[in-house]
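Encoded as C-alpha cells, the structure appears first; notes follow it.
Heavy-atom basis, side chains included; hydrogens, waters and symmetry copies ignored. All chains are named by letter (A, B, ...) in the order of the sequence lines, taking the proteins before the strands, and each is independently numbered beginning at 1.
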Amino acid sequence: MEYNPREIESKWQSYWKNNATYRVSLDLNKPKFYVLDMFPYPSGAGLHVGHPLGYIASDIYARYKKLSGFNVLHPMGYDSFGLPAEQYAIQTGQHPAITTQQNIARYREQLDKLGFNYDWSREVRTSSPEYYAWTQWIFRQLFNHWYNPVTDKAEPIDQLIAQFETEGFAEEQRASLHGGIEANLEPFTAEEWKAFNEKTQREILMNFRLAYLGESYVNWCPALGTVLANDEVINGFSERGGHPVERKLLKQWNLRITAYAQRLLDGLDTLDWFDSIKETQRNWIGRSEGASVHFPLENGQGSIEVFTTRPDTLFGVSFVTLAPEHDLVHTLTTLDQKSAVEAYVNSSKNRSERERMADVNTVSGVFTGAYVLHPFTQEKIPVWIGDYVLVGYGTGAVMAVPAHDERDFKFAKFFSLPILPVISPNQEHDFEEGAWGTKEGTLINSGFLNGLAVKEALSNMLDAIEREGKGLRKVNFRLRDAVFGRQRYWGEPIPVYYKDEVPYLIDEPSLPLTLPEVESYLPTEDGDPPLGRAKQWKHQGLYDYEQSTMPGWAGSSWYFIRYLDPQYPKGLASKEAIDYWGNVDLYMGGAEHATGHLLYARFWCKFLRDLGLVPFDEPFKKMINQGMILGRSSFVYRIVGTTTFVSKELKDNYTTNPIHVDISLVDNDRLDLEGFKAWRAEFQDAEFILGANGEYVCGVEIEKMSKSKYNVQTPDELVERFGADTLRMYEMFLGPVEQSKPWDTKGITGVHGFLKKYWKLFHKEGTFEVTTTEPAKEHWKILHKTIKKIRDDLDRFSFNTGVSTFMICVNELLEARCNHREILEPLTVLLAPYAPHITEEIWEKLGHASGSLCDATYPTFDPEFLVESAYDYPISFNGKMRFILNLPLDYGIDEVQKAVLEHKDSVKWLEGNIPKKIIVVPGKIVNVVL
RNA sequence: GCGGAUGUGGUGAAAUUGGUAGACACGCUAGACUUAGGAUCUAGUGCCGUGAGGUGUGCGGGUUCGAGUCCCUCCAUCCGCACCA
C-alpha cells in the first residue's frame with residue numbers, strides 16, 4: 001500500500017471531528033497547560049502559507065504537552081471586527097456581518113485541512129454580541145474605576161466619591177496624582193463638593209475615571225473618516241489604505257493606560273519574551289526621570305512648569321520654549337508679538353504630522369515677548385514658541401540649554417540666542433559647533449554646583465529644587481493614554497448614552513448594546529460616524545447613544561480569558577475556570593503587535609487583577625514570535641517591443657523588461673512554457689530563447705506576498721499535492737520558527753520523501769508488516785537517541801532540528817532494516833505532534849483499533865540504551881583535527897595520552913618534536929600541543 | 001540618531017556548556033532501474049590542489065591548548081522607535 005495522504009488525512013480529520021477528540025474540560029487531577037495562538041482577522045484573501053507557521057509550531061507543542069500528561073487548552077477564534085469588512089460594505093452595501101461570516105467559513109475550512117488540535121467548541125468571535133457584551137462590561141468597569149496612586153491600584157469610583165463627600169479633595173492629594181489626571185484640577189472641600197450640581201460633579205470625576213471622555217489631539221484620517229492610533233499611522237499615512245493623516249483636536253473616549261505605565265514596565269522583567277519585544281515596549285513606555293521646575297512669570301501672574309531630565313544644567317538656561325498648543329501661549333504673549341505668534345500657531349496647526357516629520361532639520365519658532373525669571377538667579381529669560389516642543393509630552397514646555405542639548409542648540413543658533421556652557425567637557429569641544437550632550441565633565445558657571453561632576457550636580461540640584469520649593473522630582477512617561485473611540489460602524493458600540501451632554505453608562509442587565517442597522521456605512525453628511533444614521537437608536541427612546549465604536553484592539557485585549565469558559569453567562573468566565581486554567585503558558589504570534597495588542601492586553605489584565613477578577617498579573621507568560629514568511633517572486637524577461645522572452649542567464653545580451661510571472665507556472669525556477677502561454681491572452685504567441693538544457697530559467701526576488709506580484713502561495717494547493725503532514729513538517733523544516741524567511745517550495749519534496757520512508761518502515765512489498773521479535777541493541781540506541789533529541793528540541797522550540805532528527809532516525813532504521821514493533825511504535829508517538837494524520841493511521845494499523853493516538857503517552861528517554869564503552873576521540877595537533885582514534889571510555893588521562901602517542905599517525909604530525917603538553921578532555925577530545 | 005537582531009557552501013540551514021565546522025534537506029554531477037513517474041535506489045558534492053596537503057564561519061585584532069561560539073574595533077543587512085526635553 002502506497003502512502004496516500006489525501007485519503008488518510010480526510011479520514012482522520014473526520015474521526016477527530018466525530019469523536020470530539022480535541023475537546024478539553026476542567027480536570028483537577030491533571031496539570032494544565034494553556035497554548036494560545038494570536039487569533040486571526042478573517043480577511044477576504046484567506047490564509048497564505050505564512051499564517052500557519054505559528055499555528056503549526058504551537059500545535060506541535062500543544063500535542064507534545066498533551067501526550068506528556070498535561071490537560072492542554074488550545075483554543076482558536078476570530079478577531080472579527082475591523083476595517084476591511086467595513087470598507088467592503090461601503091463599496092458593495094453588503095453587511096459586514098455577512099462578509100465576516102463568509103470569511104470565517106473559508107478560514108475554518110483551511111485550518112481544518114491542516115489538522116490542528118483546536119477545541120473548536122471554545123471558539124470566540126469578537127464581533128458576536130454574546131462576546132462583546134463582556135467587552136462592554138469591562139468598559140463599564142473602566143468607567144467606574146479610578147487609579148489610586150497611594151494603593152497603586154484601580155479602585156471603585158464610589159469610594160472616591162465617598163471620600164469627596166467627607167474630606168473633599170485636598171492639595172496634597174492633587175500633588176500625588178499621576179497617570180494623565182488633569183494637573184489643573186482645583187482642590188475643593190467636602191461642602192463645596194456637595195454643593196456642586198450633578199453635571200459639575202461628573203465633570204470632576206471624569207478626570208479620574210480609567211475610561212474617560214477627554215479632548216486630545218488625534219490622528220484624523222479624512223479619507224477613512226476616522227481616528228487612528230499612533231501605531232496605525234505610518235509616516236503620516238494610514239497603515240490601511242495609505243491615506244494622509246492630520247492632527248485634530250477631538251473629544252474622544254480614552255483609556256488611562258498611563259496610570260499603569262510603571263506596572264507595565266516592571267512586569268516586563270517577569271516575562272519570558274524575546275528581548276526585542278520587551279525592549280520595544282520599554283521604549284514605547286519611555287520612562288525618564290528628572291524634575292518639574294517652575295519658572296515664575298516676570299509679571300507675577302503664575303509660572304511656566306517645565307520637565308527636564310538634566311536639572312544639573314539649570315544655570316545654562318538661556319530661554320524657555322513652549323509648544324504652539326500650550327495653554328499659556330495666548331495669555332502671556334505681548335501686544336507687539338501677538339500677530340507674529342498667532343501666525344506661527346496657526347501655521348503649525350495646519351502642518352500635518354507628516355510635514356513636521358519630513359523636515360526634522362528645519363528650525364522654526366517665534367518670540368512671545370514675555371519673560372520668566374530663573375528660579376535660582378532671578379535673571380530674565382525670554383519665552384519662545386517652537387514646534388519642536390510637543391504638547392503631549394512632559395508639560396509641553398522646555399527649559400532650553402543650548403550648550404548641552406542639540407535641539408536647543410539648533411534653535412539658539414538659528415535665532416542668535418545666547419549659548420551658555422555650564423559643563424566643562426573632559427575633552428576638546430567647540431561650543432560654537434554643537435552641544436555637549438553627554439553627562440561627562442565638571443560644572444562651571446553654576447553657582448553652588450561649580451566644581452561638581454555631572455552626577456553629583458544632578459542629585460545636588462534635585463535636592464535644592466525640592467528644598468527651595470522650585471519644583472519636584474518627577475518621572476515622565478512617553479506613553480500616552482489610549483484613544484478608545486473610532487468613527488466606524490463595524491466595532492463594539494460603547495455602552496454610553498448622553499443626557500444633557502453628560503455621558504451615562506448603560507445598565508449592566510441591558511448589555512449587550514447591539515449594533516443598529518444602518519442604510520449606509522459611510523459617515524453622515526454632518527461628519528458624524530455611521531452610527532449617526534440610526535435615527536431611531538436611542539436609550540429608552542430618549543437619549544442619544546455614543547456614536548463611536550471601540551477600536552480593533554478592544555476585543556483582543558481579553559479574549560484569552562473568554563476561552564477559559566466561552567459560554568459562561570454571568571461573567572468573563574467562571575471563577576473555577578479562571579482559577580484552573582489561569583494565564584497563557586505559551587503565546588504564539590507575530591512580533592508586529594509589540595506596541596499594540598500586547599501592551600493593551602497586559603493593561604486590561606492588570607486592571608482585571610486589581611478588580612479581583614483574575615488571579616494573575618500578566619496574561620502571557622512565555623511568548624514566541626514567529627517570523628514573517630516572505631514571497632519569492634519569479635520573473636520572465638521580455639525583450640523590449642516583442643513577445644519574445646529570454647532565459648535569465650542570457651538576458652544581459654538583450655534589452656529586456658522583467659515581468660512578474662505566476663509562481664504556479666514555475667518549478668525550481670524553470671518556467672512551464674505551455675502554461676505561461678495559456679496564462680494570459682497577451683502571451684499566447686510568446687516565443688522563448690531558452691538557456692542550457694533547453695529550459696527557461698526565471699529570475700527571482702524576495703518580496704512581501706501580494707496578489708499583484710503573483711507570489712502568493714496558499715496552503716491549499718500544497719496540502720492537495722503533498723498532504724498536511726508534509727506541509728506541517730516542511731514549514732517547520734524551513735528554519736527557526738522565529739526567523740523571517742522567504743517562502744520556497746524547493747525543499748518540500750525532501751520532507752515528503754521522509755514521510756514516505758517512514759511509511760516504508762512498516763511495509764514490505766506493499767503490505768503492512770512489523771515484527772514482535774526483540775530489537776537489536778543498535779535499534780534501541782537509534783530510538784533513544786532520537787527520543788532524547790526530539791524532547792530537547794521541543795523543550796527549546798527548535799522545531800526545525802526536530803524534523804532533521806526524525807529524518808536521521810528513519811534513515812538509520814531503514815539502513816538497519818529495523819521493523820520491530822518495540823522500536824516503531826514509540827517512534828510513531830514521538831512523531832505524532834509533527835505529523836498527526838499519518839501517525840494515527842499507523843497507530844491504527846499497529847492494532848490500536850479503538851481510541852486515538854492523542855491518548856497515548858510520549859516516550860521517555862532511557863540513558864541505559866546509550867551507554868558506550870568506547871569513544872571515537874578526535875585527535876588534534878595544535879588545535880587541528882588530524883585523525884580519529886577509538887579508545888575505551890574508562891581509560892584514564894595517562895592511558896589516553898599513551899595510546900595517542902603510540903598511534904602510527906602521530907609520528908607524522910609530531911615531526912620528531914616532543915609535545916609540550918597533551919590536553920585530554922575525557923569523552924570529548926585530545927589536543928597535542930607542539 | 002537611539003534600541004534590538006542577524007551575518008556560516010550554489011540554496012534553506014545545523015553545531016544546545018569554548019572541544020571533529022557545514023548535520024539534515026534542496027540543488028547539482030555521475031550511475032542503476034525504467035521508458036514519461038513531480039517515482040525509487042547507489043556514489044559524489046565548502047573552496048584551492050592530480051595528490052600529500054592547504055584553506056575556510058562579514059573585515060581586522062585579542063583571550064585560549066583549542067573560538068562560528070568569549071572580548072575589542074569596524075562593515076553590511078533587517079526590524080522597531082524617532083524633535084521625548
Side-chain angles (χ1 to χ4, degrees), chain A residues 2 230-231 274-284 286-288 290 306-310 313 321 323 356-357 359-363 386-390 392-401 405-408 410-411 476-479 591-592 594-595 627-628 667-669 700 721-722 730 733-736 738-754 756-757 760 789 792-793 795-796 798 800-808 811 872-884 908 915-921 923-930:
Chain A
E2 287 278 294
N230 277 334
D231 38 310
F274 293 161
D275 286 341
S276 56
I277 301 270
K278 293 208 262 186
E279 205 53 37
T280 301
Q281 289 212 348
R282 280 191 195 104
N283 292 341
W284 194 260
R287 184 184 201 271
S288 51
V306 305
F307 174 72
T308 178
T309 55
R310 294 295 305 274
T313 63
T321 316
R356 277 175 73 161
M357 254 190 262
D359 54 14
V360 175
N361 291 320
T362 310
V363 177
D387 70 2
Y388 78 95
V389 180
L390 307 173
Y393 183 78
T395 60
V398 302
M399 56 173 231
V401 184
D405 180 279
E406 204 54 51
R407 292 148 310 167
D408 296 343
K410 274 189 195 156
F411 197 87
N476 227 313
F477 294 96
R478 199 191 75 107
L479 185 72
E592 67 274 17
T595 55
M628 210 196 326
D667 196 18
N668 280 334
D669 298 339
V700 163
R721 211 164 112 186
F722 298 104
Y730 181 56
F733 189 60
L734 278 175
E738 68 275 9
Q739 215 166 79
S740 280
K741 52 221 150 194
W743 178 255
D744 193 340
T745 50
K746 265 201 298 201
I748 199 166
T749 52
V751 176
H752 190 57
F754 155 75
K756 284 201 253 186
K757 285 185 195 170
K760 202 167 137 185
K789 181 80 165 86
D792 286 354
D793 285 347
D795 288 336
R796 64 193 177 103
S798 179
N800 55 328
T801 53
V803 177
S804 312
T805 305
F806 282 120
M807 289 173 166
I808 293 167
N811 287 346
D872 279 337
Y873 276 95
I875 312 299
S876 314
F877 289 77
N878 280 342
K880 286 197 201 314
M881 209 283 284
R882 295 306 184 181
F883 59 89
I884 298 282
K908 178 164 100 191
K916 288 204 186 88
K917 207 189 311 185
I918 303 177
I919 312 273
V920 177
V921 185
K924 275 256 166 81
I925 197 171
V926 177
N927 190 19
V928 182
V929 186
L930 296 176

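- By the 30° and 60° cut-offs, the orientation of the rings of A/Tyr393 relative to A/Phe307 is perpendicular.
- One C1' atom belongs to B/U17, the other to B/A13, and the distance between them is 22 Å to the nearest Å.
- Within the nucleic acid shown, A/Lys916 has no heavy atom closer than 4.0 Å to any nucleic acid atom.
- Distance A/Asp405 CG to B/G1 C1': 13 Å, rounded to the nearest Å.
- On the P atoms, B/G7 is 33 Å away from B/U40, given to the nearest whole Å.
- The side chain of A/Asn800 places no N or O atom within less than 4.0 Å of a non-bridging phosphate oxygen (OP1 or OP2) of B/A25.
- Here, B/G9 and B/G27 have their C1' atoms 12 Å apart, quoted to the whole Å.
- Neither OP1 nor OP2 of B/C81 sits under 4.0 Å from any side-chain N or O of A/Arg282.
- Rounded to whole angstrom, the span from the CZ atom of A/Phe754 across to the C1' atom of B/C26 amounts to 16 Å.
- Shown here for A/Asp744 and A/Leu734, the closest heavy-atom pair between the two residues is O-CD2, 4.4 Å.
- Picking from B/C24, B/C83, B/A14 the nucleotide with the shortest atom distance to the side chain of A/Thr801 gives B/A14.
- By the ring pair (Phe, Tyr, Trp, His ring centres under 6.0 Å) test, A/Tyr873 is found to be paired with A/Tyr871, residues two or more places apart in sequence or in another chain being considered.
- B/A15 atom P lies 19 Å from atom CD1 of A/Ile925, rounded to whole Å.
- For A/Asp792, the salt bridge (charged side-chain N to carboxylate O under 4.0 Å, His left out) partners two or more places apart in sequence, or in a different chain, are A/Lys788.
- In this structure, the CG atom of A/Leu479 is 17 Å from the P atom of B/C84, given to the nearest Å.
- Rounded to whole Å, atom P of B/U20 lies 9 Å from atom CE of A/Met881.
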A/Asp793/A/Thr801 under side-chain hydrogen bond (donor to acceptor under 3.5 Å, both in side chains): CA gap, chis, key distance, verdict:
CA-CA 7 Å; A/Asp793 285 347; A/Thr801 53; 3.1 Å; yes
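- Classification of the A/Phe722-A/His752 ring pair by plane angle, with boundaries at 30° and 60°, yields perpendicular.
- In this structure B/G9 sits in the syn conformation; its chi angle is within 90° of 0.
- Minimum atom distance to the side chain of A/Pro736 is reached by B/A13, of the listed B/C84, B/U20, B/A13.
- Using a 4.0 Å heavy-atom criterion, one finds that A/Asn878 contacts no nucleic acid atom at all.
- Among residues two or more places apart in sequence or in another chain, the salt bridge (charged side-chain N to carboxylate O under 4.0 Å, His left out) test is passed with A/Glu279 by A/Arg282.
- Between A/Lys757 and A/Asn811, the closest heavy-atom pair is NZ-OD1, 3.1 Å.
- Taking atom NZ of A/Lys917 as the reference point, atom P of B/G66 lies 9 Å away to the nearest angstrom.
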Side chain to side chain contact (heavy atoms under 4.5 Å, CB included) between A/Asn878 and A/Val928: does it pass, once the steps are laid out?
CA-CA 6 Å; A/Asn878 280 342; A/Val928 182; over 6 Å; no
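- Using a 4.0 Å heavy-atom criterion, one finds that A/Ile808 contacts the sugar-phosphate atoms exclusively.
- Sequence order on RNA chain B of the closest nucleotides to A/Thr309 and A/Arg796 puts A/Arg796 first from the 5' end.
- Donor-acceptor pairing under 3.5 Å is lacking for the side chains of A/Thr749 and A/Tyr730.
- Going from the P atom of B/A23 to that of B/G12 covers 15 Å, rounded to whole Å.
- Atom pair A/Tyr388:OH and B/G1:C1' shows a separation of 17 Å (rounding to whole Å applied).
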Can you give me the dot-bracket string for RNA chain B, 5' to 3', counting Watson-Crick and G-U wobble pairs with both distances under 3.5 Å, using [ ] for crossing pairs and | for partners on another strand?
(((((((..(((......[....)))((((((.......))))))(((....)))..(.(((..]....))).))))))))....
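- For A/Arg721, whose side chain is taken as the heavy atoms from C-beta onward, the closest listed nucleotide among B/G38, B/A85, B/A14 is B/G38.
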Worked check of side chain to side chain contact (heavy atoms under 4.5 Å, CB included) between A/Val398 and A/Val389:
CA-CA 7 Å; A/Val398 302; A/Val389 180; 3.8 Å; yes
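- In this structure, A/Val929 reaches the sugar-phosphate backbone alone: every heavy-atom distance under 4.0 Å involves primed, P, OP1 or OP2 atoms, never a base.
- For A/Asn927 and B/C65, a side-chain-to-base donor-acceptor distance below 3.5 Å is present, hydrogens and geometry of angles not being considered.
- Side-chain atoms of A/Lys757 stay outside donor-acceptor range of the base of B/U40, with no qualifying N/O pair under 3.5 Å.
- No engagement by A/Ile748 is indicated, since no non-hydrogen atom pair under 4.0 Å with the nucleic acid exists.
- Proximity of A/Ser288 to the phosphate of B/A85: a side-chain N or O atom is located under 4.0 Å from OP1 or OP2.
- Per the geometry, NZ belonging to A/Lys756 stands 9 Å off P belonging to B/C41, to the nearest Å.
- Comparing B/U34 with B/A39, their C1' atoms are spaced 10 Å from each other, to the whole Å.
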Enumerate all atom pairs, one protein N or O and one N or O from nucleotides 4-12 of chain B, separated by less than 3.5 Å.
from	atom 1	to	atom 2	distance (Å)
B/G12	O2'	A/Leu734	O	2.5

Could I get a table of every N or O pair under 3.5 Å where one atom is in the protein and the other is in nucleotides 51-56 of chain B?
from	atom 1	to	atom 2	distance (Å)
B/G53	OP1	A/Lys908	NZ	3.0
B/G54	OP2	A/Arg882	NH1	3.0

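- Of the P atoms belonging to B/G62 and B/U73, the separation is 15 Å, rounded to the nearest Å.
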A/Thr805 and A/Lys789: side chain to side chain contact (heavy atoms under 4.5 Å, CB included), yes or no, with the steps?
CA-CA 7 Å; A/Thr805 305; A/Lys789 181 80 165 86; 3.2 Å; yes
